[in-house]
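Everything numeric here is computed off the predicted structure, so don't read it as measured data. Residue numbers begin at 1 in each chain, while the letters A, B, ... track the order of the sequences.
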Amino acid sequence: MKITDACVYPYPVGDSSIRRFALEARSFGYDSIVAADTPAAEVCGITVIPGIFLAGIPAKDVQSRVKKCRGSGAVIAVQVGDNGFNRAVASTNGVHILRGIHAADKRAFDHVAAKIAADNNTALDIDLSPLIFGRGHLRQKAIHRYIDLMILYRRFEFPLTISSSARSVLGMRAVREATGLCSLFGMDETDVQAVLAGVSRVTGPTESVVKVIT
Amino acid sequence: MSIRPPTLREKRRYLLARIDPAGMPVETKDLYYAVYEAVVSLFGDMAAAAMQPSVLAIESGHAILRCRRGAEREFAIALSTLSTCRDCTLAVRVIAVSGTIESLRERIATLVPQEPDVPAHDGAGEGVPDADPCEYRFGTTPVEPVVWHGHKVDVIEKGFKNTRRLFLTTEDLEKIHATTIPDGL
């Protein structure tokens, strides 16, 4: 079980190199990070997982992009859209994470989409950046979405991940700080520990539902 | 109000927090306003009044903060949402919580090296490379190191336009020697 920050943006998108991110992640208590447009590597004892973040493209294009990226070992995350899009993407084999639920419409992710995500082992991402950098309505909306998400999570038990979406090491938060921030929408420490291992849950080998007993 | 006797005073807790990035000049008053804004925007005026957040001192890149006993967890959460202080991007990382300021000062003494102004280019210590004749490059960009902390190096891009601060490691930097002839010459 690896404690993973599900999204960071190293240089040149951000202002910190991937090595620096890895150093900071180690001091913050993480085992691995998912970094955008970065090759897989082991840096300073931290596993760097390449991340492909898709946004603003239709569901059909998502499928073709996922086919191209299959077998690369990258974590594929897709920005959420409307309800139909989310259901289609959640059922797409190869999509690991749905991101950006904090900015989505309140009807964008309902119980049907949650059931599909749970069946297909597709994770929903909890982005901490609107809680850290957002103020007023933006943060209130994000907390509201996450509270709704937690209700669905407790019912359907789909995977969750936590990401800082940090473009700088200053935007990263330690595991202890992430636990505190997640307590704002009703997550306890045990939940956070399980959710931080969400990336290894969605990228690891899938367990068969049916067990053959001989 | 007159000062109450010690048994009637409310109990307080003191937090030690590291200010990132290192070497950032932060005024106590500016940090107090930033902390107070973070607490009020997250928990509201009622909780802020009950929490009584305060910044007591900034010493060696560390801040000593104060709140009422029992509110330190909420205070730490609010501190983790602090990202700017007077238009400067920073992060406040809570290191320790204590009942006395003295113990936090002792903790700072263990955290801060004795001679912080000694440059350490081999990645062994901490400091500001003020008299370093070498020039460095990150990729193709010439950069100027401003803070070294072990393997961590904060640099500033050289140039007229893009002079943002970059957070790198010693492995990311490449020394430009005087004998190096750039490509294309």
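Neither the backbone nor the side chain of B:Leu79 comes within less than 4.5 Å of any heavy atom of chain A. For chain B, no part of A:Phe21 is nearby; none of its heavy atoms comes within less than 4.5 Å. B:Arg165 touches chain A through its backbone: at least one of N, CA, C or O sits under 4.5 Å from a heavy atom, while the side chain does not. With a 4.5 angstrom heavy-atom cutoff, B:Val155 does not touch chain A via any of its atoms.
The choice from B:Leu90, B:Val94, B:Asp172 that makes the most heavy-atom pairs within less than 4.5 Å of chain A is B:Asp172. Interface remark: of the candidates B:Asp20, B:Ile77, B:Leu82, B:Ile77 forms the most heavy-atom pairs closer than 4.5 Å to chain A. Between chain A and the residues B:Val153, B:Leu42, B:Asp154, the largest count of heavy-atom pairs under 4.5 Å involves B:Leu42. Counting heavy-atom pairs closer than 4.5 Å to chain B, the top residue among A:Leu23, A:Leu128, A:Ile18, A:Thr179 is A:Leu23.
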What verdict does the side chain to side chain contact (heavy atoms under 4.5 Å, CB included) test give for A:Val195 and A:Met187, after you've listed the backbone C-alpha separation in whole Å, the side-chain angles of each residue and the deciding distance to 0.1 Å?
CA-CA 10 Å; A:Val195 168; A:Met187 261 190 181; 3.5 Å; yes
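Side-chain atoms of B:Thr84 and B:Thr89 form no donor-acceptor pair, as typed in the model, at a separation below 3.5 Å. Side chain to side chain, A:Thr47 and A:Glu42 meet the donor-acceptor criterion of an N or O pair below 3.5 Å. The closest side-chain donor-acceptor pair between B:His151 and B:Thr169, if any, does not fall under 3.5 angstrom.
The side-chain tip of A:Arg99 points at the ring of A:Phe53 from less than 6.0 angstrom away and within 45° of straight on. Taking the centre and axis of the six-membered ring of A:Tyr9, the NZ or CZ atom of A:Arg167 falls inside the cone set by 45° and 6.0 Å.
Centroid-to-centroid, the aromatic rings of A:Phe158 and A:Phe109 come within less than 6.0 Å. Ring centroid separation for the pair A:Tyr11 and B:Phe167 does not come in under the 6.0 Å cut-off.
Scanning residues 130-144 of chain A against chain B with a 4.5 Å non-hydrogen threshold yields A:Leu131, A:Ile132, A:Phe133, A:Arg135, A:Arg139, sorted by number.
The aromatic rings of B:Trp148 and B:Tyr136 sit perpendicular, their planes meeting at an angle over 60°, well past the 30° parallel limit.
Applying the ring-ring contact (aromatic ring centres under 6.0 Å, His included) test to B:Phe75 and every residue at least two apart in sequence or in another chain returns nothing.
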